[in-house]
Amino acid sequence: AFEDIERLRIWPLPAQVSHGGRRMYLSGDFKLVTEGSKYGDASGILKEGFDRMLGVVRLSHVISGDRNSSGTGGSALLQGLHVIISSSTDELEYGADESYKLVVPSPEKPSYAQLEAKSVYGALHGLQTFSQLCHFNLKKKVIEILMTPWNIIDQPRFSYRGLLIDTSRHYLPLPVIKNVIDSMTYAKLNVLHWHIVDTQSFPLEIPSYPKLWNGAYSSSQRYTFEDAAEIVNYARRRGIHVLAEIDVPGHALSWGKGYPALWPSKNCQEPLDVSSDFTFKVIDGILSDFSKIFKFKFVHLGGDEVNTTCWSATPRIAQWLKKHRMSEKEAYQYFVLRAQKIALSHGYEIINWEETFINFGSKLNRKTVVHNWLNTGLVENVTASGLRCIVSNQEFWYLDHIDAPWQGFYANEPFQNITDKKQQSLVLGGEVCMWGEHIDASDIEQTIWPRAAAAAERLWTPYAKLAKNPNNVTTRLAHFRCLLNQRGVAAAPLVGGGRVVPFEPGSCLAQ
Amino acid sequence: LSTPSPADSPPYLWPLPAEFSFGNETLSVDPTVTLIVAGNGGGSLIIRAAFDRYMGIIFKHASGRGSLLSRIRFLKMVEYDITSLKIVVHSDSEELQLGVDESYTLMVSKKNEQSIVGAATIEANTVYGALRGLETFSQLCAFDYITKSVQIYKAPWYIQDKPRFGYRGLLIDTSRHYLPIDVIKQIIESMSFAKLNVLHWHIVDEQSFPLETPTYPNLWKGAYSRWERYTVEDASEIVRFAKMRGINVMAEVDVPGHAESWGTGYPDLWPSLSCREPLDVTKNFTFDVISGILADMRKIFPFELFHLGGDEVNTDCWKNTTHVKEWLQGRNFTTKDAYKYFVLRAQQIAISKNWTPVNWEETFSSFGKDLDPRTVIQNWLVSDICQKAVAKGFRCIFSNQGYWYLDHLDVPWEEVYNTEPLNGIEDPSLQKLVIGGEVCMWGETADTSVVLQTIWPRAAAAAERMWSTREAVSKGNITLTALPRLHYFRCLLNNRGVPAAPVDNFYARRPPLGPGSCYAQ
């Protein structure tokens, strides 16, 4: 069994895999066929996914036009991939079926591989797995599949498998974000958590309050409304949701560059002014505009690291607190709950960082998803209270912790000590977080990968099939890191923590 | 808003053109700008492909070319200042060789009495000059976030430009770490943004032999793995991709040192199992293999220069191997004589295939008077080797390791920028023999995960030194004249998807020190 796992170079490891020992070659005009499928592919999501798959399999190598170079008869040629999807819609819904079945025949069998899925997004995952079965044979200059026949039945363990990017600390150009999205598909992650705004900059256009992006670093480090829509569409066509985050009431200094009234005072620029209805009108405007672009059912309202001492130190706010008989902590609660109501009114369900649960968990909207980052026991407490939870404990799943090795990312178990099935069902999944204080276009890819891939397998593969000792999957992860590199992703060597550079010459399979 | 705002600043062009003038008008550019070609070479596929590529770069925001908003705007009959780009290329030759004319003229102006429509015009003698003009045009275009359209500030522009040096190179090393084809292509694409024009491909070294050589097919058994290889077709594709961007590919196989990997497939090339480097100088088989490699490479690499290496040859091993020692004694050779014999014989093989040999400077230092007079000497060790080489009539490529080796991470951008290839050479006829310079990205500690952020932005500092006039890069305080433009260029690279590292960090490829703008880091 160990050797079997060792020879399986698929990452993340599928739920059920069996294979043989034969070899097949892809025909030079390998094609997509969809007879029997209920899905019409009017928007081209499947066709584009198929073409992308062929592109990454070829790895920009030039395929020989000489059919005879395969050195075998027609019976070992795979003519195409037959995809059957039973759902006719390509609506990207959270929690929808992402499962697929993939059968690659041996030479005696019919000459089409078969991919079945409930949804087109399950089929995209199947295409991803198929791409990892294929290798370009550099001697024969054709694409081959070894160890046929393959039978793979696969589905994700968790429905939420996320990656956070932070565009406030450093602006990330559109091509960089798109490259991150592409690389997420290789590891079957499905949520891009976009931490758009923070203390340092407000880069997004908000038509309702157009001066908000005066808080951008410069006039050219911004995302127009159309840019954001393009990112969402780019992700959607790859089966990835975009979770937008505006963090309130803390982490919001940049809002006041355009609208100084949002600051309690010039000397108190954070948190946002809780006493002013204008603050909540702005939040309402932002979320109203968000709802036109960000179709994911959740919106992230932050709520973390709120240092409220400033409020008491501002006379106007102090009077407001006194008038409403609120302590600072109660004002924090008031702010978060009011923001929640605004989000709900726009049709969103809410995600908040864990401090909101710690401080006033019983007051949160019952559909709130609590986002863990600080406390190890929090997940159990949240799910025991009946709320849903996303795991991102910083000790293991914060990518900006450069000394955190991939083994820790792999071994971090979202269920921790939760054994109750109902409580387990409230753990939606997990997310690795690429905070941007020291991350820009020059180092984001090598800081994310390959450690995010280690977490991706934890989130995808059934618990029973995960390695108890992460070092047992070193070879398979190294192979995946090489695959990322071959696809143009600047994934760093495995040896050491994150974003290590190679210290000597060598093969990517060994570094 | 914080700086920079393009409308208020000096010209953010990198590298700085030789001659330019500008005004104070802001022009809008039609997202459906049309290409008009003229001249014998205007219809070249190279031009059409480049135009399409650059339009994709210029109009990358969602309200640009082809987007829904663009179509709505079209229906509203918005009037643009620049609706066409005329490219005039006088020569129909697409030959890309050393010294090809890369000059161009670029004019951008509003409609006026002389012209009923606003237009941009690029005029060049060759398609490759037109490519450089397109790059400059793309750098004049900036997306305006208020009007959500592409604008050209400080119009009218009149630019007459040409490079100072004909050879402006970047070395990549695929032996120490294999670089996937897409990564090499991304490097080539980024080179074109900085108007570099030679990719020096150090394909093979002692660690691995990744290239397919049909004549001796076991050579690539020296690759790290069966996936870390380039087929003949892959290499040809890289050459084609580079040519479409006006970039020559100069291939290097380093002999007789730095060649241990050759023997994995053909152990006879090793003097013995305990002496695997340098190659066995005593066997004709060694030179047959070199001849076979060069014959295969000639089918791939049309560039006239071929690099034969010749550096860091530790010949002690030869003396310690019995049959080599006997061979030396039989010819009354010292090991230095054998080194010379090897290099000269390799040169003759290259010359017989119509190549001009390039060698690292040790060959000149050791036996310069015996080298073929057409040899191009590549400097790396001794800072005044180019002075010595051109004094002897050789051509020279400047690559001083103290400043232009990109794997030396402790060289900040200003030291790269201030390094002058013609230092110490006053005679104009000798200056011409310095054909240019090259920054070297040795691969011992650079793989796919760090190669681009190690190259950029420091290679851009060298690129301007090699493109712009010496006067322009030498006058004034570079903190004022160059640094803001380099910040802007680094941001442009990032916006085009190139992971260029912060400019201001002392050490190369370090992460940003804290949050902030790419224009200030």
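FYI, side chains are in, hydrogens and waters are out, and symmetry mates aren't considered; it's all heavy atoms of this structure. Protein chains get the first letters and strands the later ones, always in sequence-line order, with residue 1 at the start of each.
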Counting C-beta onward and ignoring hydrogens, is there a side-chain heavy-atom pair between A:P175 and B:R496 closer than 4.5 Å?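 SC-SC contact between A:P175 and B:R496 ruled out.
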To the nearest 0.5 angstrom, please state how far the NZ atom of A:K140 sits from the OG1 atom of B:T231.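 These two atoms lie 15.5 Å from each other.
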Note: B:K148-A:E226 ion pair, threshold 4.0 Å (strictly below):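 Here B:K148 pairs with A:E226 in a salt bridge, since their nearest N and O are under 4.0 Å apart.
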I'd like to know if A:D440 pairs up with B:R490 as an ion pair, taking the criterion as any Lys NZ or Arg NE/NH1/NH2 lying under 4.0 Å from an Asp or Glu carboxylate oxygen.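 So A:D440 pairs with B:R490 through a salt bridge.
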Donor-acceptor contact present, side-chain B:Y178 to main-chain A:S507, <3.5 Å: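 No; zero donor-acceptor contacts below 3.5 Å.
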Under a plain distance cut-off of 3.5 Å, with no hydrogens placed, do A:E504 and B:T445 share a side-chain donor-acceptor pair?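 There is no such pair between these side chains.
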Interchain contact, B:A223 with chain A, by part (heavy-atom threshold 4.5 Å):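 Neither part, no heavy atoms under 4.5 Å.
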If you tally heavy-atom pairs under 4.5 Å against chain A, which of B:Q521, B:K185, B:Q186 wins?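 The residue among B:Q521, B:K185, B:Q186 with the greatest pair count is B:Q521.
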Options B:Q207, B:E228, B:E237, ranked by heavy-atom pairs under 4.5 Å with chain A, top entry: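 The candidate making the most pairs under 4.5 Å is B:E228.
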Considering only heavy atoms and a distance below 4.5 Å, find which of A:P502, A:A490, A:C508 pairs most often with chain B.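 Option with the top pair count is A:P502.
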Kindly give the heavy-atom pair with the smallest separation between B:G516 and A:Y217, and that separation in Å.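 It is N-OH, 3.1 Å.
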Quick check: closest heavy atoms across A:S220 and B:Y519, and the distance to 0.1 Å?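 Here A:S220 and B:Y519 meet closest at OG-OH, 2.8 Å.
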Only one of B:S449, B:P499, B:P511 forms a side-chain contact (heavy atoms from CB on, under 4.5 Å) with A:D443, so which one is it?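 Filter result, single survivor: B:P511.
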Using non-hydrogen atoms only, which part of A:Q486 is less than 4.5 Å away from chain B: side chain, backbone, both, or neither?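 For A:Q486, backbone and side chain are both near chain B.
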